[in-house]
There are 2 protein chains.
Amino acid sequence: MAASIKDVAREAGVSIATVSRVLNNINVVNEETKKKVLEAIDKLQYRPNIVARSLKTQKTSTVGMIIPDISSQFYPEIVRGAEDVANIYDYNIMLCNTDLDLEKEVNYLRVLREKMVDGILYMSSSLQPKILEFIKELGIPMVLIENTDKEKNFPSVSIDNEGAAYDAVTYLIKNGNKRIAYIGKKDDDNNITSMRYVGYKRALEENGINLDASIVYSSGLKVEDGYKGMLRVIESGNLDAVFCGSDECAIGAINALREKGIKVPEDVDVMGFNDIYEASVFYPKLTTVSQPMYDMGSVGMRMLIKIINKQKIEEKNYVLPYQLVERESCKK
Amino acid sequence: MAASIKDVAREAGVSIATVSRVLNNINVVNEETKKKVLEAIDKLQYRPNIVARSLKTQKTSTVGMIIPDISSQFYPEIVRGAEDVANIYDYNIMLCNTDLDLEKEVNYLRVLREKMVDGILYMSSSLQPKILEFIKELGIPMVLIENTDKEKNFPSVSIDNEGAAYDAVTYLIKNGNKRIAYIGKKDDDNNITSMRYVGYKRALEENGINLDASIVYSSGLKVEDGYKGMLRVIESGNLDAVFCGSDECAIGAINALREKGIKVPEDVDVMGFNDIYEASVFYPKLTTVSQPMYDMGSVGMRMLIKIINKQKIEEKNYVLPYQLVERESCKK
DNA sequence: CTGAAAGCGCTAACAA
DNA sequence: TTGTTAGCGCTTTCAG
């Protein structure tokens, strides 16, 4: 067993209270004794046991991150952003993959409480009211990333998905496109990405373009969804452009178009969403709406830590700026 | 404060020991009393405090994962594989991003010990002897993923990088290619990816092809490394194929070739390594060596958990199978 | 400035 | 079958 505070106390010839004091930089411990303690610590290679400390202080300096799937393309960078600021404040991260599965989420939430995490960063494109209720009961500080609850009960950091989609589609229209397809989520009230459809609709409306349901494909957000959706949409005749609910979708869509001998962007413009890593590396490079993933993670974590430490937060619901990044999948 | 074991004991009219027994399914607690306890637990919504338990049992049911960077394309799936099996055995994961920075690694290792993790999954393409030494001193069960220490002191799970590279280059040669460039790491003894260069060399040799240093580019493994390397290598005249140390490299290389009006695979074959997600989605889809990322994570975690629980492991150094996946970036 | 002692919530002898 | 009790390693009053 590693050395404990007792061993250090014995070695230094002081009480454990004194050792604890130097450990925590409390009061003005006499320089002499402090030195003795430090020497003992050094000699014994002592390191405090944080579990014991946590039991006493009721703080673990660890926060849970609940995410749908780390192996998707969207979340790793958020996690990274969060970890980087956690690291600054000496917090650690416990990672929980839920696959958006309610049961898993509840389970993890329970475990996180049992393990006494100080706070939770909760990511879910699809917020179930039940979960929110459950979290509230848990009484653990939490901030939502990527999404916001309708009642704005919880602190959050996200972007304006509706506005971003609106801007993106407006861009497409300004580019001379009229017949613009939509491939992505819609009409799922719990799912934030459905807001992109709302933005799409509004852009069309405000520009006097009639929505044609035959070129709207309601789907998931993966590559194969984009692929399938595109194939389906093509059947409804010629197109000027496609607005996709995600970059993965856009990639799938472009692959489908390519198979059909349709060129991007020469024949049709394709717009993605999120600006995941592939977007800048795919051929053609995706024109897309950039979500500040890293920043969402880092400001989310910063906010959470403030809440944990009962500091005031400047804003409860951060809406981070998005950016339309023009690359190669749309004509300029 | 949430209910503690005391509250439950009081509510059920038994001792805390009894409560603890039903909690841990120990002995044959009388059915009657068990029922009473269970009711009390239910009524008070009691959940055990795992931190307290950990202090007593010296086990936390959490393991640390030390990885270079979760936001790179390689690690998320490993983490996912690890998490999935951790979940089965009721372990949680503490995530640590090190950027391959020695100081950060040491720091995290320390914290992990202070937080009493039961084990560590350590990933690093570049194993520093110092770190290994440090870990040994820590005395925490650890398994290496993606890499192996030369002395085979630590349990590990990886693939045969040299053999895989050999196979890949041999494939290129069988395909009729003679002038085959290499873009990737070489001569870094600590870095496992350097072994790909060794395999490259051997394949050339065994097929009677002279190694031409002017088409070997020693570099990092990122997209821009591949891009730069390709540009450089092209200057040395015509090429039949390029073997890249990573898929990112290959993507960068292909982008460079495309800019020069050189077609892949019509004019030159490009082979990647790893089979990250982009490989199957990029245009052209990458022919590459597939590392079983998810499996490396899951068998690594399974092995670690066995070690933690003092069970025998069948094999100390797992060498998982790789696979050459033929797609579009090489002629067939 | 320092020490004694209580206690965080739990497990595990040991007794009964 | 159940209860009592001694810690796990630390922080934090409260005295001195």
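Chain letters run A, B, ... following the sequence lines, proteins first, then strands; residues in each count from 1. The figures here come from the full heavy-atom set of this structure, side chains too, leaving out hydrogens, waters and symmetry mates.
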Sugar-phosphate only, base, or nothing, as touched by Thr18(A) at under 4.0 Å among non-hydrogen atoms:
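Answer is sugar-phosphate: Thr18(A) comes under 4.0 Å of backbone atoms only.
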Below 4.0 Å: OP1/OP2 of [N] and any side-chain N or O of [X]:
X	N	value
Thr33(B)	dT1(D)	no
Thr57(B)	dT11(C)	no
Gln58(A)	dT11(D)	no

Salt bridge or not for Lys306(A) and Glu314(A), using N-O below 4.0 Å?
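Salt bridge: yes.
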For DNA chain C, the residues among residues 45-56 of chain A that have a non-hydrogen atom under 4.0 Å from it:
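The answer is Leu55(A), Lys56(A).
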Partners meeting side-chain contact (heavy atoms from CB on, under 4.5 Å) with Glu11(A) (sequence neighbours left out)
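Checked Glu11(A) against side-chain contact (heavy atoms from CB on, under 4.5 Å); matches are Ala40(A), Lys43(A), Leu44(A).
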Among dA4(C), dT11(C), dT4(D), find the nucleotide with the atom closest to the side chain of Ser15(B).
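The nucleotide sitting nearest to the side chain is dT4(D).
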Measure from [atom1] on [X] to [atom2] on [N] and round the result to the nearest Å.
X	N	atom1	atom2	value
Asn25(B)	dA12(C)	CG	C1'	16 Å
Ile16(A)	dG9(D)	CD1	P	11 Å
Asp7(A)	dG9(D)	CG	C1'	10 Å
Ile26(B)	dA12(C)	CD1	C1'	8 Å
Lys115(B)	dG9(D)	NZ	C1'	16 Å
Lys34(A)	dC1(C)	NZ	C1'	13 Å
Met116(A)	dC10(C)	CE	C1'	12 Å
Asn30(B)	dG3(D)	CG	P	11 Å

From Ser71(A) atom OG to Ile78(B) atom CD1, the distance as rounded to the nearest 0.5 Å
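Those atoms lie 11.5 Å apart.
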State the CG-CE distance between Asn153(A) and Met142(A), to the nearest 0.5 angstrom.
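Rounded to the nearest 0.5 Å, the CG-CE separation comes out at 9.5 Å.
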Donor-acceptor pair between [X] and [Y] side chains, under 3.5 angstrom:
X	Y	result
Glu77(A)	Tyr277(A)	no
Asn97(A)	Tyr108(A)	no
Ser156(A)	Asn317(A)	yes

Would you mind telling me which residue lines up with the more 5' stretch of DNA chain D, Arg21(A) or Lys6(A), judged by nearest nucleotide?
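First, find each residue's nearest nucleotide; the 5'-ward one identifies Lys6(A).
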Can you find a pair of side-chain heavy atoms, one from Pro68(B) and one from Tyr75(B), that are under 4.5 Å apart?
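The answer is yes; the side chains approach within 4.5 Å.
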Helix axis bend for the helix from dC1(C)-dG16(D) to dA16(C)-dT1(D) - C1'-based end axes, five pairs, 10° rounding
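Answer rounded to 10°: the end axes differ by 40°.
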Quick check on Gln45(B): does its CD atom have over 12 non-hydrogen neighbours (other residues, nucleotides or ligands) under 6.0 Å away?
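Counting other residues, nucleotides and ligands, CD of Gln45(B) stays at 12 neighbours or fewer.
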